[in-house]
Number of protein chains: 2
Amino acid sequence: MGDYLEYARIFKALGNPKRAMIVDMLSCGELCACMILEKFEMSQSTLSHHMKLLCECGLVKGRERGKWTYYSLNTDTISKTKQFFCDITSAKENCICKEGADCCKGCDEND
Amino acid sequence: MGDYLEYARIFKALGNPKRAMIVDMLSCGELCACMILEKFEMSQSTLSHHMKLLCECGLVKGRERGKWTYYSLNTDTISKTKQFFCDITSAKENCICKEGADCCKGCDEND
DNA sequence: CAATCATATTGAAACTTTTCGATTTGAAGC
DNA sequence: GCTTCAAATCGAAAAGTTTCAATATGATTG
């Protein structure tokens with residue numbers, strides 16, 4: 001944890017329903033761009049842009065073969081991102097919540 | 001899976017490094033808004049806006065007690081979101097990759 | 001009940017994202 | 001070597017996000 005900028009880049013990429021859907025489509029194997037394009041109402045340049053974002057954040061890998069580009073998931077990045085959710089659902093030491101904020105002293109009792 | 005819009009809403013909320021950090025801060029317990037504000041160089045209205053987005057997507061819950069608002073993680077949403085990563089890392093039946101796209105017939109052999 | 005304090009809302013400026021059509025690049029086929 | 005095809009890049013328009021200062025709301029305190 002700590003590298004919030006890198007996590008945020010990945011989440012930003014997933015923060016578009018079409019890109020989330022593309023990632024899901026790639027989850028059972030490699031697909032070429034033209035095949036992904038067939039499933040969406042979207043121009044070729046728009047898809048290309050989405051794929052670029054998915055690749056840049058490390059979620060997706062592109063493999064060029066002649067005229068075609070094949071895309072697949074980068075499982076390392078996905079595991080790492082999944083870890084974010086494990087980290088935020090397990091208690092930690094040295095957490096910010098252990099330090100007191102002056103403005104809130106004594107608030108906890110009003111429960 | 002399938003509810004890409006709802007997932008995207010959550011990922012969009014996490015797709016800002018400050019909001020990702022706030023979520024991490026909340027991971028070991030409830031914090032009041034003023035305490036979160038102390039840890040950031042950010043105006044009070046900006047923080048309020050970020051907290052609203054985090055609440056609206058269901059990641060965070062707000063609890064009002066007098067003047068203060070306490071925020072905490074909504075573990076149900078977090079578990080559900082974690083599931084997205086489980087889903088995309090396990091093979092599936094009836095996947096889009098099983099259907100052929102005309103433009104790509106025969107591409108697979110060029111490996 | 002007026003003042004104070006913690007948050008929320010509003011409105012505006014700056015910046016980023018989304019999308020498209022047009023153009024470019026670069027491989028394959030004739 | 002020209003044509004065709006798949007994908008990337010460019011430039012622009014529209015929409016959305018981020019941030020702040022100012023103001024509003026509503027609870028608490030004197």
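Residue numbering restarts at 1 for every chain, and letters A, B, ... go by the order of the sequence lines.
Distance, A:Glu56 CD to D:dA8 C1': 12 Å, rounded to whole Å. In this structure, A:Leu54 places its CG atom 14 Å from C1' of C:dT17, rounding to the nearest Å. The interatomic distance linking B:Leu37 (CG) with D:dC20 (C1') rounds to 13 Å, in whole Å. Remark: P of D:dA7 and CG of A:Leu53 are 17 Å apart, rounded to the nearest angstrom. Distance, A:Met51 CE to D:dT9 P: 13 Å, rounded to whole Å. Between the C1' atom of C:dT19 and the NZ atom of A:Lys52 lies a distance of 15 Å, rounded to the nearest Å.
B:Lys61 has no carboxylate O lying under 4.0 Å from a charged side-chain N of B:Glu30, or vice versa, which leaves the two without a salt bridge.
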>> side-chain contact (heavy atoms from CB on, under 4.5 Å) for B:Ile22 and B:Met51? Distances and angles first, verdict last.
In response: CA-CA 9 Å; B:Ile22 290 168; B:Met51 296 318 293; 3.8 Å; yes
> Are B:Leu26 and B:Ser72 close enough, and set up right, to give a side-chain contact (heavy atoms from CB on, under 4.5 Å), and what steps lead you there?
Replying inline: CA-CA 6 Å; B:Leu26 293 175; B:Ser72 59; 5.7 Å; no
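For the salt bridge (charged side-chain N to carboxylate O under 4.0 Å, His left out) test, no residue two or more places apart in sequence or in another chain qualifies with B:Glu56.
Candidate nucleotides C:dT7, C:dT18, D:dA7 were compared by shortest atom distance to the side chain of B:Ala33, and C:dT7 ranks first. When distances run from any side-chain atom of B:Lys12 to the nucleotides C:dT18, D:dA7, D:dT17, the shortest one goes to D:dT17.
For the residue pair B:Ser43 and B:Thr46, a side-chain donor N or O sits within less than 3.5 Å of a side-chain acceptor on the partner.
Rotation axes derived from the C1' atoms of the five outermost pairs at either end of the helix from C:dC1-D:dG30 to C:dC30-D:dG1 lie 20° apart, to the nearest 10°.
Here B:Ser48 lies in heavy-atom contact (under 4.0 Å) with a base.
Taking 4.0 angstrom as the limit, B:His50 places none of its side-chain polar atoms (N or O) nearer than this to OP1 or OP2 of D:dT17. A close approach under 4.0 Å does occur between a side-chain nitrogen or oxygen of A:Asn16 and OP1 or OP2 of C:dT18.
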>> Base contacts versus sugar-phosphate-only contacts with protein, heavy atoms under 4.0 Å: please encode nucleotides 20-30 of chain C as B, S and - from 5' to 3'.
In response: BBB----SS--
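Using the six-membered ring where Trp is involved, B:Phe11 and A:Phe11 have ring planes that are parallel, under 30° apart on the 30 and 60° scheme.
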